[in-house]
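Worth knowing before you read on, the calculation uses all heavy atoms, side chains too, and leaves out hydrogens, waters and symmetry mates.
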Amino acid sequence: MTDIVTFGVPFWLDMPRPKFPVVDRDMECDAVVVGGGIAGLKIARLLAQHGIQTIVVEAGRVGDGASGRNQGSINHGAALSYRECAASHTREIARQLWNLGIENHRILEAQIREYEIDCDYQIDGMTSLVRRDQRDFSKIVQGYRSEYEWLRDDGFDVSFLTEAEAQKAGGNPLYVAALRYNTDAQFHSGKYAIGLGVGIARDENVQVFERSRVQAIRSQGNETVVQANGFSIRGQKIFLSTNALVPQFVPALATALRAERGQVIVTEPLSRRPCRGSFGTWMAWWREIIEPDGRFRLLFGGGRERDEPDSLFAQFESDGRPSQTIETLGFQPSPAHQRRLDEQFAILFPDLIGVQITHRWGGLQSFTADSLPQMGLVDVERRIYSMAGFCGRGNCHSDVGAEFLVAQACGVESPVVREYGALLESLMRVGRAES
């Protein structure tokens, strides 16, 4: 395969984008949201609905972080398996957690309608395939079958694919079985994040700023001051929504949130549809992208085990200063990761060897030890609230997390909190475990 563009530009963000203003003066508000990705924008949306004057500050451009660098999938299953969750907690808690993901999907889909976001939303499912070249693949097949039976019995719309069905769905004789979530969806991540930003910025209670890097957050009397572009933004409460970069502002979370790079490629437009829906397997994940002219691209990511050294990033330098390279290196592909990704692409899509790769990028993710986000008050003195550590499931927990966080910080009512508040507090409280 050959590259025809420079590294680093995500397909989802390679389009004309609206510009938001830059912080160029001192300001005051009720709440400051640091981070203009999907999660931060959703927090701002809820704050505004409660009449809370809110300023969103984004260091790059809206959607530039993990929000515009992912698979573009909407999952309702958490990053751990159903049976793992039941073993760590109870089966009833697992059922509630998976239903929480369905509620998140419902809220997200309602936002697409509310703001009339044309983001190629479609429900085509998520299929997890077992490969014959995986270690102990027969045990994994047994686990998937058991997982399917539990999920089915607990009322979830899932399917178990036999060897023939898995090979037909995945298009490769390597596959021996699969577990499919039938109601998971896909969308264009960039169009969604940008559409969300444009829609929220129309609210009289919200101001969205980009290209405005936050240098410091400090307590000052009854207020907290956010320093951005050399100017001061005073607020009563701060919401930190920078996911993998949260420990840069709250060092105490450095051991609880691990920063890892994912890596993605996108092919040139293809005349034949390479797949239908989203897929994942050992060392790889992918989906198709439908072009306006009826052709298709293949988005393909993975190419690493979780502990590959070239994909892990320390939050701080040896002298204790915040890392000066975590953003630049985290958002750029590494040569070693690139080789592994290309190898997996050739194994799983041999018929596409030689197609041109038009986009290749990296993206920082944040993982926790138990594969669930951390949400809540992370710094009492500076009144900082945060949700981070989405473990690759930002579109599974960002909406319900925003409702939980805003309700906790501002003492407001929320349907999600009334039904799932105890679950969120139990499973996703800050500081419950360290990685």
(request) Step by step, work out the side chain to side chain contact (heavy atoms under 4.5 Å, CB included) result for L377 and V430. (result) CA-CA 7 Å; L377 180 62; V430 174; over 6 Å; no

(message) Quick test of your reading of the model: are R152 and E149 salt-bridged, counting only N-O distances below 4.0 Å?
(response) no

(request) Answer yes or no: is there a donor N or O on one side and an acceptor on the other, between the side chain of D124 and the main chain of A185, under 3.5 Å? (result) no

(request) May I ask you to test the E165-F160 pair for a side-chain heavy-atom distance under 4.5 Å? (result) no

(request) Determine, stepwise, if the pair S334 / D310 fulfils side chain to side chain donor-acceptor pair (under 3.5 Å). (result) CA-CA 7 Å; S334 79; D310 61 89; 3.3 Å; yes

(message) Could you tell me if S159 and N182 have a donor-acceptor pair between their side chains, going purely by distance under 3.5 Å?
(response) yes

(message) Whether R45 and D399 form a salt bridge (side-chain N of Lys/Arg under 4.0 Å from carboxylate O of Asp/Glu) is what I want to check.
(response) no

(message) To the closest 0.5 Å, what do you measure between CG (D203) and OG1 (T54)?
(response) 8.5 Å

(message) How about CZ on R273, more than 12 heavy atoms from neighbouring residues, nucleotides or ligands closer than 6.0 Å, or not?
(response) yes

(message) Under the criterion side chain to side chain contact (heavy atoms under 4.5 Å, CB included), I'd like the reasoning laid out for L161 against R180: C-alpha separation, chi angles, the key distance, then a yes or no.
(response) CA-CA 7 Å; L161 278 60; R180 174 181 164 87; 4.0 Å; yes

(message) Given 3.5 Å as the limit, does a donor-acceptor pair link the side chain of H337 with the main chain of G302, or not?
(response) yes

(message) Using 0.5 Å steps for rounding, measure from the CH2 atom of W361 to the CD atom of Q332.
(response) 12.5 Å

(message) Would you say CG of N222 has more than 12 non-hydrogen atoms from neighbouring residues, nucleotides or ligands within 6.0 angstrom?
(response) no

(request) Flag the pair N75 / Y181 as yes when at least one side-chain heavy-atom distance between them is below 4.5 Å, and no otherwise. (result) no

(message) Ignoring hydrogens, what is the shortest heavy-atom contact between M15 and K191? Give both atom names and the distance.
(response) CE-N, 3.7 Å

(request) Would you mind checking if E210 and R61 are paired as a salt bridge, meaning a charged N to carboxylate O distance below 4.0 Å? (result) yes

(message) Within the 4.5 Å heavy-atom criterion, are I194 and P18 side-chain neighbours or not?
(response) yes

(request) Using distance alone, with no hydrogens and no angle criterion, decide if Y192 and N395 have a side-chain donor and acceptor under 3.5 Å apart. (result) no

(request) Quick one: pull up SG in C85 and CZ in R91 and give me the separation to the nearest 0.5 Å. (result) 12.0 Å

(message) With rounding to the nearest 0.5 angstrom, report the CD to CZ distance, E260 to R304.
(response) 4.5 Å

(request) Give a yes or no answer on whether the side chain of D319 reaches the backbone of R321 with a donor-acceptor pair at less than 3.5 Å. (result) yes

(message) Side chains of L299 and W12, heavy atoms from C-beta outward: is any pair under 4.5 Å?
(response) yes

(message) Taking F187's backbone N and O only, do any of them form a donor-acceptor pair with Q122's side chain (distance below 3.5 Å, no angle check)?
(response) no

(message) If we ignore hydrogens and angles and just use 3.5 Å, is the side chain of E147 paired with the main-chain N or O of R83 as donor and acceptor?
(response) yes

(message) If you compare all heavy atoms of L364 against all heavy atoms of A66, which two are closest, and at what distance to 0.1 Å?
(response) O-CB, 3.6 Å

(message) Any side-chain to backbone donor/acceptor pair from E116 onto E114? Under 3.5 Å, distance only.
(response) no

(request) Could you check L196 against K42 for side chain to side chain contact (heavy atoms under 4.5 Å, CB included), going step by step and ending with a plain yes or no? (result) CA-CA 8 Å; L196 196 61; K42 290 177 177 182; 3.9 Å; yes

(message) A side-chain contact here means heavy atoms from C-beta on lying under 4.5 Å apart; do C119 and I112 qualify?
(response) yes

(message) Determine whether N99 and F156 satisfy the following criterion, side chain to side chain contact (heavy atoms under 4.5 Å, CB included), listing intermediate values before the conclusion.
(response) CA-CA 9 Å; N99 277 319; F156 298 102; 3.4 Å; yes

(request) In plain terms, say whether D370 and R432 are close enough for a salt bridge, that is, a side-chain N and a carboxylate O under 4.0 Å apart. (result) yes

(request) Check whether any side-chain N or O of Q338 sits under 3.5 Å from a backbone N or O of P333 as a donor-acceptor pair, and report yes or no. (result) no

(message) Once salt bridge (Lys or Arg N to Asp or Glu O under 4.0 Å) is applied, what residue pairs with a partner in residues 19-29 remain, sequence neighbours excluded?
(response) none

(request) Determine, using ring centers only, whether F390 and H397 are less than 6.0 Å apart. (result) no

(message) Pairing donors with acceptors under 3.5 angstrom, does anything connect the side chains of N70 and S189?
(response) yes

(request) For residues Y175 and R131, report the shortest heavy-atom separation together with the two atoms involved. (result) CE2-CG, 3.7 Å

(message) What's the separation between atom CD in Q408 and atom CE in M387, rounded to the nearest 0.5 Å?
(response) 12.0 Å

(message) Please give me the minimum heavy-atom distance between A409 and F239, naming the atom from each residue.
(response) CB-CZ, 3.6 Å

(request) Tell me yes or no: between the side chains of S212 and E58, is some donor less than 3.5 Å from an acceptor? (result) no

(request) Just do the salt bridge (Lys or Arg N to Asp or Glu O under 4.0 Å) check on R213 and E327 with the steps written out, would you? (result) CA-CA 13 Å; R213 181 169 294 277; E327 286 185 76; 2.9 Å; yes

(message) Any heavy-atom pair between the side chains of R234 and M27 that's under 4.5 Å?
(response) no

(message) To check you understand the geometry: which heavy-atom pair defines the closest contact between L312 and R306, and what is its length?
(response) CD2-O, 3.5 Å

(request) Could you check if a side-chain atom of N205 sits within less than 4.5 angstrom of a side-chain atom of L47, using non-hydrogen atoms only? (result) no

(message) Minimum heavy-atom separation for L348 and A284, please, with both atom names.
(response) CD1-CB, 3.6 Å

(message) Working to the nearest 0.5 angstrom, can you tell me the gap between F300 CZ and T267 OG1?
(response) 11.5 Å

(request) Say whether, by atom type as modelled, one donor and one acceptor occur between the side chain of Q227 and the main chain of G230 under 3.5 angstrom. (result) yes

(message) Run the side-chain contact (heavy atoms from CB on, under 4.5 Å) test against D379 and tell me which residues pass, sequence neighbours left out.
(response) E381, R382, I384

(request) Determine whether N104 and H76 make a side-chain contact, defined as any pair of heavy atoms from C-beta on separated by less than 4.5 Å. (result) no

(message) Quick one: does any side-chain atom of R287 pair with a main-chain N or O of Q186 as donor and acceptor, under 3.5 Å?
(response) no

(request) May I ask you to check whether W282 and E305 show a side-chain donor-acceptor distance below 3.5 Å? (result) yes

(request) Please confirm whether the backbone N or O of K237 pairs with a side-chain atom of R383, one donor and one acceptor, at under 3.5 Å? (result) no

